[in-house]
**Student:** 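My questions will all concern the structure given below.
Keep in mind that this is a model prediction, so the values were computed, not measured. Sequence positions, counted from 1, serve as the residue numbers for this chain.
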Amino acid sequence: MTDHTIIDGKATEIETAKVETGATETIAPAPRTKPRRGLLVGAVAVPLALGAVGLSLAQPAQTPLTPVAPVAVSALAPSGATAAKGEVAEIFGNKFILQDGTGRALVETGRAGEGGALVAKGESVTVQGRFENGFLQASALTRADGRTEALRPAGPPPGGLDWAKDKVGLGPSVDVPALTKAVTDAGYTDIRVAGRGPRHLEVAAKGQDGKERMLHVGFDGQIREMRTF
């Protein structure tokens, strides 16, 4: 025997089970089927996992430095973006001496050079970076075979939220041509992208007075002079 009872507008099927207890008959509901929550959770988790994999494989847009023609070591002058070519004469941890026929300069390579294995004594290299206080703070290193290595991260400092967004490709897009055009339109010349921060470019450029400035160029196009060399 099968009854259909309407509860809250839903039909519930109750199967009868005859139990001989004298002249009486007991009706017991059939066991309920458990919802397949495991299958539902799995169906939702799979696309989320695939999405996470997709984000982990995404790469942030690269912001290359403006290549700078090297000058003689003796011609190095205070600048936000300059370069010199020579041989590695001595190595002191993450620092080394760059020398050519005109002189010697101390190069600081930061964390990339820790351990003293970044360059070899006698190796010919071109170093690009900021020169001030008598030493060259390297941003990039070009070897004799033409390979160029960035020595400092271009973007937000590691570990923060901006860095995490950048790592998975969710950081702000950087329109370098448009930003450098904004710098040109503001009256600056000899424009060189020297680095990138969380929401800005670091740009070396000459002002109308001929003096070099280090500029903070926001991704929104706002320009601030940080210092004069």
**Student:** Quick one: side-chain contact (heavy atoms from CB on, under 4.5 Å) partners of Arg199, sequence neighbours excluded?
**Tutor:** Asp162, Phe219

**Student:** Assess whether side chain to side chain contact (heavy atoms under 4.5 Å, CB included) is satisfied between Val107 and Ile97, documenting all intermediate values.
**Tutor:** CA-CA 6 Å; Val107 178; Ile97 299 295; over 6 Å; no

**Student:** Grab the two heavy atoms, one from Val88 and one from Ala120, that are nearest each other, plus how far apart they are.
**Tutor:**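 Val88 and Ala120 have their closest heavy atoms at CB-O, 3.4 Å.
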
**Student:** Strictly distance-based, threshold 3.5 Å: is any side-chain N or O of Thr82 a donor or acceptor partner for the main-chain N or O of Pro78?
**Tutor:**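 No, Thr82 side chain to Pro78 backbone: no donor-acceptor pair under 3.5 Å.
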
**Student:** According to side chain to side chain donor-acceptor pair (under 3.5 Å), who are the partners of Asp175, at least two apart in sequence or on a separate chain?
**Tutor:** none

**Student:** For residues 168-201, which residue pairs qualify under ring pair (Phe, Tyr, Trp, His ring centres under 6.0 Å), counting only residues two or more places apart or in two chains?
**Tutor:**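 Residue pairs passing ring pair (Phe, Tyr, Trp, His ring centres under 6.0 Å), neighbours aside: His200-His216.
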
**Student:** Who are the side-chain contact (heavy atoms from CB on, under 4.5 Å) partners of Ala182, not counting sequence neighbours?
**Tutor:**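 Ala182: no side-chain contact (heavy atoms from CB on, under 4.5 Å) contacts found.
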
**Student:** Determine which pairs satisfy side-chain hydrogen bond (donor to acceptor under 3.5 Å, both in side chains) with at least one residue from residues 202-211, sequence neighbours left out, and list them in order.
**Tutor:**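 Listed once each, the pairs are Asp209-Arg213.
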
**Student:** Applying side-chain hydrogen bond (donor to acceptor under 3.5 Å, both in side chains) as the test, list every pair that has at least one member in residues 116-127; sequence neighbours left out.
**Tutor:** Glu123-Arg143

**Student:** Check which hydrophobic residues are tied to Leu161 through side-chain heavy-atom contacts below 4.5 Å, counting indirect links as well, and list them.
**Tutor:**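 None, because no other hydrophobic side chain comes under 4.5 Å of this residue.
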
**Student:** What pair of heavy atoms forms the shortest contact from Arg196 to Leu201, and how long is it?
**Tutor:**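 Result for this residue pair: CG-CD2, 3.9 Å.
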
**Student:** For Lys181, which residues count as a side-chain contact (heavy atoms from CB on, under 4.5 Å) partner, sequence neighbours excluded?
**Tutor:**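 side-chain contact (heavy atoms from CB on, under 4.5 Å) list for Lys181, sorted by chain: Asp185.
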
**Student:** If I compare all heavy atoms of Ile223 with all of Ala186, which pair ends up nearest, and what's the gap?
**Tutor:** CD1-CB, 4.0 Å

**Student:** Say whether, by atom type as modelled, one donor and one acceptor occur between the side chain of Glu114 and the main chain of Thr109 under 3.5 angstrom.
**Tutor:** no

**Student:** Does Gln128 reach the main-chain N or O of Val68 with its side chain, forming a donor-acceptor pair under 3.5 Å?
**Tutor:**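 Answer holds: yes.
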
**Student:** Do Phe229 and Leu215 sit in the same hydrophobic cluster, where Ile, Leu, Val, Met, Phe, Trp and Tyr count as joined when their side-chain heavy atoms come under 4.5 Å apart?
**Tutor:** no

**Student:** Sorted by first residue and then second, give each salt bridge (Lys or Arg N to Asp or Glu O under 4.0 Å) pair with at least one member in residues 96-110; sequence neighbours left out.
**Tutor:**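 Residue pairs passing salt bridge (Lys or Arg N to Asp or Glu O under 4.0 Å), neighbours aside: Glu90-Arg104, Glu108-Arg152.
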
**Student:** According to side chain to side chain donor-acceptor pair (under 3.5 Å), who are the partners of Arg111, at least two apart in sequence or on a separate chain?
**Tutor:**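 With sequence neighbours excluded, Arg111 shows a side chain to side chain donor-acceptor pair (under 3.5 Å) to no residue whatsoever.
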
**Student:** Please tabulate, one pair per line, all N/O donor-acceptor pairs under 3.5 Å involving side-chain atoms of residues 132-142, not counting sequence neighbours.
**Tutor:**
from: Glu132; atom 1: OE1; to: Arg227; atom 2: NH1; distance (Å): 2.5
from: Glu132; atom 1: OE1; to: Arg227; atom 2: NH2; distance (Å): 3.2
from: Glu132; atom 1: OE2; to: Arg130; atom 2: NE; distance (Å): 2.7
from: Gln137; atom 1: OE1; to: Arg130; atom 2: NH2; distance (Å): 2.9
from: Thr142; atom 1: OG1; to: Thr148; atom 2: OG1; distance (Å): 2.9

**Student:** Assigning hydrophobic clusters by single linkage (Ile, Leu, Val, Met, Phe, Trp, Tyr; side-chain heavy-atom cutoff under 4.5 Å), is Val203 placed with Leu65?
**Tutor:**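 No; Leu65 is not reachable from Val203 via cluster members.
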
**Student:** Please give me the minimum heavy-atom distance between Ala83 and Leu76, naming the atom from each residue.
**Tutor:**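 Closest approach of Ala83 to Leu76, heavy atoms only: O-CD2, 4.0 Å.
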
**Student:** Which heavy atom in Val73 sits nearest to a heavy atom in Ala84, and how many Å separate them?
**Tutor:** CG2-CB, 4.3 Å

**Student:** Donor-acceptor pair, distance only, cut-off 3.5 Å: does the side chain of Arg192 make one with the backbone of Ala81?
**Tutor:**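 Side chain of Arg192 to backbone of Ala81: a pair is present.
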
**Student:** Say you draw a straight line from CG of Leu106 to CZ of Phe92; how long is it, rounded to the nearest 0.5 Å?
**Tutor:** 8.0 Å

**Student:** Of all residues at least two apart in sequence or in a different chain, which pass the side chain to side chain donor-acceptor pair (under 3.5 Å) check with Ser79?
**Tutor:**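 Glu212.
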
**Student:** In sequence, state the C-alpha distance, the side-chain angles, and the governing distance for Leu151 and Leu118, and then conclude on side chain to side chain contact (heavy atoms under 4.5 Å, CB included).
**Tutor:** CA-CA 10 Å; Leu151 302 185; Leu118 179 66; 4.1 Å; yes

**Student:** Search all heavy atoms of Thr180 against all heavy atoms of Ile191 and return the closest pair with its distance.
**Tutor:**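 For Thr180 versus Ile191, the nearest heavy atoms are O-CD1, 3.8 Å.
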
